[in-house]
Visitor: 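Could you have a look at this structure, given as structure tokens, before my questions?
These numbers come from the heavy atoms of this one structure, side chains and all, not from hydrogens, waters or symmetry mates. Note that the numbering runs from 1 along the sequence shown for the chain.
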Amino acid sequence: RLPLRLARSDPHGHDLATLAAESLGDQAQWLRFATQGRQRRATARSRYQLARAQYAASAWQEAQTHAVAVLEIEPRHAGARVLLARVLMRSPEGRARALEFLAPVVRGSDSATGAAGAAGAAALTAPASVGERAQALVVAGQIEFLRDHVTVAQSRFQRALELDPRSAA
């Protein structure tokens with residue numbers, strides 16, 4: 001709880017407080033600090049933190065609203081794309097749209113692009129860490145499985161494991 005106390009005393013410490021509350025599993029504090037951070041600075045980062053806190057609180061509509069706001073500020077934000085896909089996949093009608101949001105993140109992990117297509121695909125690829133790409137592949141696999149595309153789902157899961165073996169957790 002020390003990080004929470006330190007962050008509260010620092011006027012710029014809401015990001016730290018938000019992350020500390022998340023790691024401590026303190027849902028109420030996480031949502032409170034994320035909300036305060038967005039109110040002070042409506043940046044892509046503060047909106048993404050709030051979207052994540054809303055998602056964790058099962059406030060799906062609010063999470064979707066804030067994830068969309070992140071993408072308005074930073075269209076290639078990988079984390080917001082994955083979060084938005086997780087919200088959209090909850091309904092059968094949203095699954096195709098969720099895959100569209102994941103495509104720029106997943107595309108960067110596809111080894112089948114080839115040298116010729118790599119230059120054109122680079123402009124459409126969202127910058128993402130290996131972990132973010134693995135998460136995107138897992139969510140894409142879950143969506144494909146829900147759509148009864150078992151073979152495609154299996155290949156997504158396999159690629160996620162190749163990128164980050166911890167993605168199986």
Visitor: To the nearest 0.5 Å, tell me how far Arg97 CZ sits from Ser91 OG.
Guide: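 Between Arg97 CZ and Ser91 OG, I get 12.0 Å after rounding to 0.5 Å.
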Visitor: Contact between Phe101 and Leu71 at the side-chain level, heavy atoms closer than 4.5 Å - yes or no?
Guide: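 Yes, close enough: below the 4.5 Å cut-off.
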Visitor: Starting at CZ of Phe145, measure out to CD of Gln154 and round the result to the nearest 0.5 Å.
Guide: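 Going from CZ on Phe145 over to CD on Gln154, the span is 10.5 Å.
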Visitor: Near Glu100 CD, under 6.0 Å, is it more than 12 heavy atoms from other residues, nucleotides or ligands?
Guide: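 Counting neighbours around CD of Glu100, more than 12 heavy atoms of other residues, nucleotides or ligands fall under 6.0 Å, so yes.
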Visitor: Can you find a pair of side-chain heavy atoms, one from Arg133 and one from Val105, that are under 4.5 Å apart?
Guide: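 A side-chain contact under 4.5 Å exists here.
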Visitor: Grab the two heavy atoms, one from Glu74 and one from Ala44, that are nearest each other, plus how far apart they are.
Guide: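 That closest heavy-atom pairing would be CB-CB, 4.3 Å.
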Visitor: Any idea which heavy atoms bring Asp164 and Gly131 closest together, and the distance?
Guide: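 Between these two residues, the closest heavy atoms are OD2-CA, 3.9 Å.
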Visitor: Taking the side chain as everything from C-beta on, heavy atoms only, tell me whether Leu137 gets closer than 4.5 Å to Gln158.
Guide: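 When only atoms from C-beta onward are counted, Gln158 and Leu137 do not touch, as no gap falls below 4.5 Å.
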Visitor: Consider only side-chain heavy atoms of I, L, V, M, F, W and Y, link residues closer than 4.5 Å, and tell whether Val139 and Val130 are in one cluster.
Guide: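 Same cluster: Val139 reaches Val130 through Ile, Leu, Val, Met, Phe, Trp or Tyr contacts under 4.5 Å.
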Visitor: Working note: Phe157 + Gln142, criterion side chain to side chain contact (heavy atoms under 4.5 Å, CB included); need CA distance, chi angles, decisive distance, verdict.
Guide: CA-CA 8 Å; Phe157 293 141; Gln142 291 168 336; 4.2 Å; yes
Visitor: Donor-acceptor check, side chain of Arg76 to backbone of Pro127, threshold 3.5 angstrom: yes or no?
Guide: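 Such a contact is absent between Arg76 side chain and Pro127 backbone.
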Visitor: Compare all side-chain heavy atoms of Leu88 with those of Arg95 and state whether any distance is below 4.5 angstrom.
Guide: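 The answer is no; the side chains never approach within 4.5 Å.
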Visitor: Side-chain heavy atoms under 4.5 angstrom apart, residues restricted to Ile, Leu, Val, Met, Phe, Trp, Tyr: same cluster for Leu146 and Val106?
Guide: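 Hydrophobic grouping puts Leu146 with Val106.
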Visitor: Which pair of heavy atoms, one from Ala85 and one from Leu102, lies closest together, and at what distance?
Guide: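 So the minimum-distance heavy-atom pair works out to CB-CG, 3.5 Å.
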Visitor: At what distance, to the nearest 0.5 angstrom, does CZ of Arg86 lie from CH2 of Trp60?
Guide: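 These two atoms lie 10.5 Å from each other.
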Visitor: Would you say Leu163 ends up clustered with Ile143 if hydrophobic residues are merged whenever their side chains have heavy atoms under 4.5 Å apart, either directly or through other cluster members?
Guide: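 Yes: a chain of side-chain contacts under 4.5 Å links Ile143 to Leu163.
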Visitor: Nearest 0.5 Å please: distance from the CD atom of Gln61 over to the NE2 atom of His66.
Guide: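 Going from CD on Gln61 over to NE2 on His66, the span is 10.0 Å.
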Visitor: Are Val68 and Leu83 in one and the same hydrophobic cluster, where Ile, Leu, Val, Met, Phe, Trp and Tyr link if side-chain heavy atoms are under 4.5 Å apart?
Guide: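 Per the 4.5 Å side-chain linkage, Val68 and Leu83 are not co-clustered.
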Visitor: Does any N or O in the side chain of His77 come within less than 3.5 Å of the main-chain N or O of Ala80, such that one atom is a donor and the other an acceptor?
Guide: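 Yes; judged by distance alone, with no hydrogens or angles, the pair exists.
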Visitor: Please answer whether the main-chain N or O of Pro104 pairs with a side-chain N or O of Arg81 as donor and acceptor at a distance below 3.5 Å.
Guide: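 No.
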Visitor: Drop me the distance from Arg156's CZ to Arg159's CZ, to the nearest 0.5 angstrom.
Guide: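 Taking CZ in Arg156 and CZ in Arg159, the distance rounds to 10.5 Å.
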Visitor: Following the transitive rule for hydrophobic clusters with a side-chain heavy-atom cut-off under 4.5 Å over Ile, Leu, Val, Met, Phe, Trp and Tyr, establish whether Val70 and Leu84 coincide in one cluster.
Guide: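 Val70 and Leu84: separate clusters.
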Visitor: Report yes if some heavy atom in the side chain of Leu99 is under 4.5 Å from a heavy atom in the side chain of Arg147; otherwise report no.
Guide: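 A side-chain contact exists here, since the closest heavy-atom pair is under 4.5 Å.
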Visitor: With no hydrogens and no angle check, is any side-chain donor or acceptor of Gln49 less than 3.5 Å from a backbone partner on Ser46?
Guide: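 Between the backbone of Ser46 and the side chain of Gln49 there is no qualifying donor-acceptor contact (under 3.5 Å).
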